[in-house]
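Note sheet for the following structure.
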Amino acid sequence: MNKKINKSDFKTDWSYSPAPESTDHIKIVKKNDLFINGKFVPPEKGKYFKTINPANEQKLADVAEADKSDVDKAVKAARKAYDKVWSKMDPSERGKYIYRIARLIQERAREFSVIETMDGGKPIRESRDIDIPLVSAHFFYYAGWADKLSYAFPGKQAKPIGVAGQIIPWNFPLLMAAWKLAPALATGNTVVLKPAETTPLTAMKLAEIIQEADLPPGVVNIINGDGKTGRAIVEHEDINKIAFTGSTDVGKMIMKSVAGTGKKYTLELGGKAANIIFEDAAIDQAVEGIIDGIFFNQGHVCCAGSRLFVQESVADTVISKLKDRMESLIVGDPLDKNTDIGAINSKMQLEKIKMYVDIGQKEGGSVHQSSCRLPEKGYWHAPTLFTDVSQSHRIVQEEIFGPVLAIQTFRTVDEVIAKANNTPFGLSGGVWTDKGSKIFQVSKSIRAGVLWANTFNKFDPTSPFGGYKESGMGREGGLEGLMPYVNLV
Ligand code: NDP
């Protein structure tokens with residue numbers, strides 16, 4: 001049943017006067033079933049869990065919890081759709097469906113942005129200007145490849161691999177769904193997708209669009225649940241490929257579970273990116289890049305620039321400008337267009353961030369937080385930085401996934417390269433300098449999948465993304481993002 005959201009449902013006492021984006025135009029389904037074989041169906045065991053708005057802890061909706069038998073039902077639907085329809089369809093026809101999905105998302109972009117912000121806590125400015133436009137861009141981009149695979153892989157035939165099980169996290173809910181679905185569909189595979197437990201709502205809206213786009217039943221199945229549901233997908237014997245984005249710990253479990261089964265897999269896991277500022281950088285721009293690197297999406301970003309390295313001669317200037325800039329960040333109502341930092345996605349994540357801030361202090365780090373007032377209800381964390389930390393500190397080595405920056409200094413290029421590489425992760429990094437030669441030297445020497453020069457956190461569907469070491473394997477995006485979904489013959 002669709003119910004209009006009243007503004008009073010989401011009232012929170014903010015310490016300033018926000019002008020929130022209207023919620024009048026959106027419809028949140030209050031009881032979300034599983035999307036299997038083109039229909040919304042209740043779960044076998046009849047269990048539902050609630051999803052809340054982390055900015056005010058109010059319930060938004062109930063969501064069906066899929067158990068093993070529901071997973072099996074979804075995989076069977078995906079298999080049938082694969083065998084009978086999708087893998088046999090003319091690729092240009094497949095492309096038309098994907099274009100249709102892209103256009104429908106564009107048409108309903110405002111609705112998607114508002115729901116993404118309410119369910120996940122990210123500022124509306126980010127969901128409206130970054131997440132949702134990138135979602136449709138991904139579908140447009142891969143729709144274009146659907147009938148051009150022979151150009152992507154000259155001299156080879158790209159055959160689909162079958163049913164893909166896709167498990168996504170809560171930091172970019174709809175965007176991660178797009179990263180997974182678009183290349184899989186363009187290459188002729190069918191899908192069982194599981195969104196994260198705390199952010200299921202935009203994926204359920206996507207299911208509505210998939211119905212509206214008239215996609216053949218079973219090509220995309222979307223089922224919710226917790227880690228057990230994810231595990232049931234990974235372990236299902238009729239799944240041919242697993243695509244996972246999330247924590248390194250779960251990624252390792254998945255690797256063990258699929259070992260020897262012949263299932264293909266891609267893993268996009270954690271990160272601890274080095275953001276490197278040389279003395280010849282444009283300092284004011286670099287400060288903006290540092291802010292964006294660590295505070296974008298409350299720091300819930302796998303490629304966040306969470307380790308800052310500043311050349312010693314400019315360290316005092318950079319840190320002082322950084323502290324000034326942190327003061328001007330607005331922490332508050334995610335639906336307000338002026339908000340820079342929204343709510344932390346869940347209570348559990350907030351506790352994890354606080355735990356690391358404690359650890360950082362106990363290990364001798366000096367902490368600085370912006371003096372913003374945090375709302376009483378909901379999950380919030382002030383923008384935070386640490387100085388007086390070294391390579392051995394846990395907050396320098398481990399992924400916090402929150403708005404917490406660890407700052408170190410360096411003197412030479414070789415020193416900073418060695419420090420930047422001293423991490424189990426290898427997802428991303430940034431370098432800020434006036435000298436092209438330094439950019440090449442640093443980007444060549446840092447073992448990370450993505451290196452930004454004089455910018456940070458720039459994403460584009462044409463550009464491959466993925467990591468080395470404990471940051472995972474395989475690439476998503478770009479031509480490379482087609483590879484995990486095809487067998488080349
Ligand atoms: P998880 O890795 O647990 O969650 C990612 C996805 O995997 C979710 O859909 C989750 O379901 C599902 N999942 C959980 N357990 C299993 C399992 N055994 N088998 C298959 N799927 C499973 O991350 P968390 O949400 O617990 O976050 C923990 C930490 O992970 C964060 O603090 C952060 O450091 C890191 N993280 C990194 C991300 C990245 O992009 N690199 C993204 C998200 C988190 P459910 O939501 O129900 O738990």
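One-based numbering along the sequence shown.
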Without placing hydrogens or testing angles, list every side-chain donor-acceptor pair under 3.5 Å for residues 112-119, not counting sequence neighbours.
| from | atom 1 | to | atom 2 | distance (Å) |
| --- | --- | --- | --- | --- |
| Ser113 | OG | Ala109 | O | 2.7 |
| Glu116 | OE1 | Thr202 | OG1 | 2.7 |
| Glu116 | OE2 | Leu174 | N | 2.8 |
| Thr117 | OG1 | Ser113 | O | 3.4 |
| Thr117 | OG1 | Lys122 | O | 2.9 |
| Thr117 | OG1 | Ser127 | OG | 2.6 |
| Asp119 | OD1 | Thr51 | OG1 | 2.6 |
| Asp119 | OD2 | Leu201 | N | 3.0 |

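- With Asn297 contributing its side chain and Gly299 its backbone, the two residues share no donor-acceptor pair below 3.5 Å.
- A 4.5 Å side-chain heavy-atom check between Tyr468 and Leu427 finds every atom pair outside the cut-off.
- Of all the heavy atoms in Asn457 and Asp292, the pair that sits closest is ND2-O, 3.2 Å.
- Residues Tyr142 and Trp179 place their aromatic rings such that the two centres sit no closer than 6.0 Å.
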> For Tyr48 and Asp33, what are the C-alpha separation, side-chain angles and deciding distance, and is it a side chain to side chain donor-acceptor pair (under 3.5 Å)?
Replying inline: CA-CA 9 Å; Tyr48 290 78; Asp33 285 323; 2.5 Å; yes
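- Atom CG of Leu267 is separated from atom CD1 of Ile242 by 9.5 Å, given to the nearest 0.5 angstrom.
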>> Run the side chain to side chain contact (heavy atoms under 4.5 Å, CB included) test on Ile52 and Leu60 for me, step by step, so that the C-alpha distance in whole Å, both residues' side-chain angles and the decisive distance to 0.1 Å come before the verdict.
In response: CA-CA 5 Å; Ile52 63 159; Leu60 293 171; 5.8 Å; no
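- Counting heavy atoms from C-beta outward, Asn171 and Thr245 have side chains that stay 4.5 Å or more apart.
- Scored by the side-chain hydrogen bond (donor to acceptor under 3.5 Å, both in side chains) test, Lys469 finds no partners at all (sequence neighbours excluded).
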>> Does His381 form a side chain to side chain contact (heavy atoms under 4.5 Å, CB included) with Leu350? I'd like the steps, not just the answer.
In response: CA-CA 7 Å; His381 200 281; Leu350 179 59; 4.0 Å; yes
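- Nearest heavy-atom pair across Glu470 and Leu269 is O-CB, 3.6 Å.
- Residues passing the side-chain hydrogen bond (donor to acceptor under 3.5 Å, both in side chains) test with Arg394, sequence neighbours excluded: Glu398.
- Checked against Met204 for a side chain to side chain contact (heavy atoms under 4.5 Å, CB included), the options Leu34, Val29, Ile222, Ile28 give a single hit: Ile222.
- Taking the side chain as every heavy atom from C-beta outward, Thr229 and Ile223 approach each other to under 4.5 Å.
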> Can you check side chain to side chain contact (heavy atoms under 4.5 Å, CB included) on Glu107 and Leu104, steps first, answer last?
Replying inline: CA-CA 5 Å; Glu107 277 169 24; Leu104 287 167; 3.7 Å; yes
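- Smallest separation of non-hydrogen atoms from Cys372 and Pro383: SG-CD, 4.1 Å.
- Rounding to the nearest 0.5 Å gives a distance of 11.0 Å between NZ of Lys438 and CD1 of Ile276.
- Looking at Arg447, its side chain never comes within 3.5 Å of a backbone N or O of Phe425 through a donor-acceptor pair.
- Nearest approach of Leu175 to Leu134, heavy atoms of both residues: CD1-CB, 3.6 Å.
- Asn56 places no side-chain N or O within 3.5 Å of a backbone atom of Gly378 that could act as its donor or acceptor partner.
- Under a 4.0 Å N-O distance rule, the pair Glu111/Arg108 qualifies as a salt bridge.
- The shortest side-chain heavy-atom distance between Phe309 and Arg307 falls under the 4.5 Å cut-off.
- Between Lys47 and Asp67 no salt bridge is recorded (no basic side-chain N to carboxylate O distance below 4.0 Å).
- Residue Lys228 places its NZ atom among 12 or fewer non-hydrogen atoms of other residues, nucleotides or ligands, all under 6.0 Å distant.
- Remark: the backbone N or O of Arg128 is not paired with any side-chain donor or acceptor of Asp131 at under 3.5 angstrom.
- Between the side chain of Ser443 and the backbone N or O of Ile439 there is at least one donor-acceptor pair closer than 3.5 Å.
- Classification of the Phe296-Phe172 ring pair by plane angle, with boundaries at 30° and 60°, yields tilted.
- Between the side chain of Ser471 and the backbone N or O of Gly270 there is at least one donor-acceptor pair closer than 3.5 Å.
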>> Please determine whether side chain to side chain contact (heavy atoms under 4.5 Å, CB included) holds for the pair Phe386 and Val357, giving the CA-CA distance in whole Å, both sets of side-chain angles, and the decisive distance to 0.1 Å.
In response: CA-CA 9 Å; Phe386 273 93; Val357 171; 4.1 Å; yes
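- A side-chain donor-acceptor contact under 3.5 Å links Ser346 to the backbone of Gln349.
- Lys323 and Ser370 are not linked by any side-chain donor-acceptor pair at a separation below 3.5 angstrom, with hydrogens and angles left out of the test.
- For the pair Ala102 and Phe139, the tightest heavy-atom approach, listed with the atom from each and the gap, is CB-CB, 3.6 Å.
- Judged by distance alone, with hydrogens and angles left aside, the side-chain atoms of Thr462 form no donor-acceptor pair with the main-chain N or O of Asp460 at under 3.5 Å.
- A heavy-atom distance below 4.5 Å is not found between the side chains of Gln441 and Lys435.
- A donor-acceptor pair is defined here as one N or O able to donate and one able to accept, closer than 3.5 Å; such a pair exists between the side chain of Glu327 and the backbone of Ser371.
- Environment of CG in Asp316: sparse, with no more than 12 heavy atoms of neighbouring residues, nucleotides or ligands closer than 6.0 Å.
- No option in Asn454, Thr455, Asn275, Asp280 other than Asn275 meets the side-chain hydrogen bond (donor to acceptor under 3.5 Å, both in side chains) test with Trp432.
- Each of Glu476, His138, Gln166, Glu268 was compared with Lys180 under the side-chain hydrogen bond (donor to acceptor under 3.5 Å, both in side chains) criterion, and only Glu476 meets it.
- When each of Thr199, Asn345, Ile168 is paired with Pro173, the side chain to side chain contact (heavy atoms under 4.5 Å, CB included) condition holds for Thr199 and for no other.
- Taking CD of Glu351 as the start and CE of Met355 as the end, the distance is 10.5 Å to the nearest 0.5 Å.
- Surrounding CZ of Phe49 are more than 12 heavy atoms belonging to other residues, nucleotides or ligands, all under 6.0 Å away.
- Summarising the geometry of Gln298 relative to Ala343, their closest heavy-atom pair is NE2-O, 3.3 Å, with the distance given to 0.1 Å.
- The structure places CD1 of Ile395 at 9.0 Å from CD1 of Ile359, a figure rounded to the nearest 0.5 Å.
- Under the 4.5 Å side-chain criterion, counting only non-hydrogen atoms from C-beta, Ile407 is not in contact with Val389.
- Two residues are said to be in side-chain contact when any heavy atoms from C-beta on lie closer than 4.5 Å; Arg411 and Val416 fail this criterion.
- Around atom CE of Met348, no more than 12 heavy atoms belonging to other residues, nucleotides or ligands sit under 6.0 Å away.
- Salt-bridge annotation for Arg125 and Asp336: absent, with no side-chain N of the basic residue lying under 4.0 Å from a carboxylate O of the acidic one.
- Ion pairing of Glu57 with Lys347 is absent here, as no side-chain N (NZ or NE/NH1/NH2) approaches a carboxylate O to less than 4.0 Å.
- In this structure, the side chain of Asn221 engages the main chain of Val191 through a donor-acceptor pair within 3.5 Å.
- A heavy-atom distance below 4.5 Å is found between the side chains of Phe140 and Arg103.
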